Engineer: 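Quick one: this structure, given as structure tokens, is what I'll be asking you about.
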Amino acid sequence: MKKVYLDNASTTQIRPEVVQEMTKIMLEDYGNPSSTHSLGRNSKSILELSRKGIAKCINATASEIIFTSSATEANNWILRSAVVDLNVRRIITSRIEHHAVLYVVQELQKEFNIQVDYVDIKADGTVDLTHLVELLGIEGKTLVSLMHVNNETGVVLDLQRVSMLCKEYKTLFHSDTVQSIGKLDIDLQLVSVDFIVASAHKFHGPKGVGFAFVKKNSGLQPLLYGGEQEKGLRAGTEAVHQIAGMAKALELSTKLMNEEIAEISNLKSYLVSQLSEAFPGFIINGNENSLCTVLNVSLPFSPDKTAMILFHLDMKGIAVSRGSACQSGSIRPSHVLAEMLSVEELKRPNLRISLSHYNTKEDIDIFIAALKTL
Ligand code: PLP
């Protein structure tokens, strides 16, 4: 049975060139980058070249890139240190953030009694910027945390506009860019953010490694204490092969971005046209500017099909999801769609179909045919 993978917002297939790079490093370049002998220095040099390569892809300085084990860790670190060390007393965020932000903010609220304001979300999944301006007008040391691309709907935040607002109101700006890094052009000389985070497995790199961009002189303090790695900001021996794999993956995604994004956009148009033909009345959750890799739809099926739809597709070798991967086993409505849809609309079965350049029209045809048999 042909496997059809349409769950690229959860994780992506690793590129063979990345595996090759990582394998070589695991076999040959096994020195500890903190060791002073030549094997150690060699690993250190791989690490610093990776840092430089990553910084170049987002037009940042290498010293502003800190390696972490995941985007979850990077989000936790930045948000916690902003409260504990930078004296942030208020966080403005949204209820459609990934749980790696949302639950951290809730925990910080409980622990430190900070004020949390949630900016309104419109029916198409976009952030209400007029409401954001109202919230920004309130006094107090504030951090804004808004994701660049929503992992469930693909809706894109106007990073430039929000960064300018944050500058105007003198607030810190953190953006979870996990879904956009390697898929959208991010130029940090043009967009003024204090912190962004990324995760290699979302752009055809390995799992278990990510990075944070932390603007120079941020004052952030470490989450983990131990060795002096990452200028003392993130203790623990660096996963050299993972980091080099992440750098290779981002280099390739950046180089091939225009070509691959054009391919994926065509595929998404095909998917939408096939869904329209097979299931008139289906609804797209999001807007026309949603990132081409993600399509979130509500299907004109009865609500009692919700529980079995993923199971049915899985039996046919098709991997899709509802909501984020962490929630897809649950039949509770997604916290993101709950902010966008009415109670009635929310009852309809929904799916998140997420694409990569590895997908083909044949994958879409197999998926549509399987949905028709429901
Ligand atoms: N933020 C967003 C928007 C995501 O989609 C994900 C992954 O599901 C994460 C954070 C967590 O990333 P990681 O798997 O590196 O912890």
Side-chain angles (χ1 to χ4, degrees), residues 5-14 18 54 65-80 91 93-107 121 125-127 144-157 159 162 173-184 186 193 195-213 223-224 234 236 239 242-243 245-247 249-250 253 286 290-296 319-330 334-337 339 352-356:
Y5 187 72
L6 298 171
D7 198 17
N8 289 279
S10 295
T11 196
T12 54
Q13 193 179 332
I14 196 162
V18 172
I54 287 174
I65 306 297
I66 306 293
F67 298 126
T68 61
S69 67
S70 61
T72 299
E73 180 195 327
N75 280 333
N76 270 266
W77 170 41
I78 292 163
L79 293 168
R80 178 164 289 269
I91 295 181
T93 186
S94 81
R95 288 197 165 87
I96 61 167
E97 299 301 305
H98 190 275
H99 287 142
V101 166
L102 211 49
Y103 288 166
V104 185
V105 171
Q106 286 170 10
E107 185 56 34
I121 298 301
T126 53
V127 167
V144 172
S145 178
L146 291 171
M147 68 202 310
H148 190 193
V149 169
N150 186 276
N151 53 301
E152 294 194 29
T153 61
V155 169
V156 184
L157 178 80
L159 208 59
V162 174
F173 182 28
H174 161 254
S175 185
D176 179 331
T177 49
V178 165
Q179 294 289 339
S180 58
I181 290 264
K183 294 169 198 137
L184 287 178
I186 297 180
V193 292
F195 315 106
I196 65 171
V197 305
S199 182
H201 72 101
K202 307 286 185 177
F203 49 82
H204 306 283
K207 292 172 184 60
V209 63
F211 70 86
F213 159 85
L223 180 68
L224 307 175
R234 204 284 185 176
Q242 304 277 79
I243 290 166
M246 170 163 69
L250 189 56
S253 287
S290 290
L291 193 64
C292 62
T293 49
V294 184
L295 182 72
N296 192 311
V320 284
S321 68
R322 297 189 314 111
S324 66
C326 349
Q327 298 170 298
S328 64
S330 149
S334 119
H335 72 286
V336 175
L337 296 187
E339 291 299 310
R352 177 185 69 177
I353 307 133
S354 47
L355 307 166
S356 85

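Just follow the structure's listing: the first ligand is 1, and inside any ligand the first atom is 1. As the structure is a prediction and not an experimental result, all values here were calculated from the model.
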Engineer: Would a distance-only check, ignoring hydrogens and angles, find a side-chain to backbone donor-acceptor pair under 3.5 Å from K183 to K202?
Structural biologist: yes
Engineer: Give the atom numbers and elements of ligand 1 that come within less than 4.0 Å of a heavy atom of S199.
Structural biologist: 13 (P), 14 (O), 15 (O)
Engineer: State which residues pass side-chain hydrogen bond (donor to acceptor under 3.5 Å, both in side chains) with T68; sequence neighbours excluded, sorted by chain then number.
Structural biologist: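 side-chain hydrogen bond (donor to acceptor under 3.5 Å, both in side chains) check on T68 returns nothing, list empty.
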Engineer: Could you tell me, atom by atom, which parts of ligand 1 come under 4.0 Å of a heavy atom of N151?
Structural biologist: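 Ligand 1 atoms under the 4.0 Å threshold to N151: 3 (C), 5 (O).
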Engineer: Would K207 count as a contact residue for ligand 1, given that I'm defining contact as a non-hydrogen atom of the residue lying under 4.0 Å from a ligand atom?
Structural biologist: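 K207 does not count as a contact of ligand 1 under the 4.0 Å cut-off.
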Engineer: Which one of L146, N75, I91, I196 satisfies the side-chain contact (heavy atoms from CB on, under 4.5 Å) criterion with H174?
Structural biologist: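 Looking at L146, N75, I91, I196, the match for H174 under the side-chain contact (heavy atoms from CB on, under 4.5 Å) is N75.
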Engineer: Please round to the nearest 0.5 Å and tell me the distance separating atom OG of S356 and atom NE2 of H204.
Structural biologist: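 Going from OG on S356 over to NE2 on H204, the span is 4.5 Å.
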Engineer: Which one holds for T72 and ligand 1: side chain close, backbone close, both close, or neither close, with close meaning a heavy atom under 4.0 Å?
Structural biologist: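 Both parts.
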Engineer: Hey, does D176 come in under 3.5 Å of ligand 1, counting only N/O atoms on both sides?
Structural biologist: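 D176 vs ligand 1: N/O contact under 3.5 Å present.
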Engineer: Under 3.5 Å, is there a donor-acceptor pair between the H148 and T177 side chains?
Structural biologist: no
Engineer: Who gets closest to atom 4 (C) of ligand 1 by heavy atom: M147, H98, H148?
Structural biologist: H98
Engineer: Under the rule for side chain to side chain contact (heavy atoms under 4.5 Å, CB included), what residues qualify as partners of T72, not counting sequence neighbours?
Structural biologist: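 Residues passing side chain to side chain contact (heavy atoms under 4.5 Å, CB included) with T72: S70, N76, A100.
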Engineer: Which bit of K202 gets closer than 4.0 Å to ligand 1, counting heavy atoms only: side chain, backbone, both or neither?
Structural biologist: side chain
Engineer: If we only count N/O pairs under 3.5 Å, is A71 in contact with ligand 1?
Structural biologist: yes
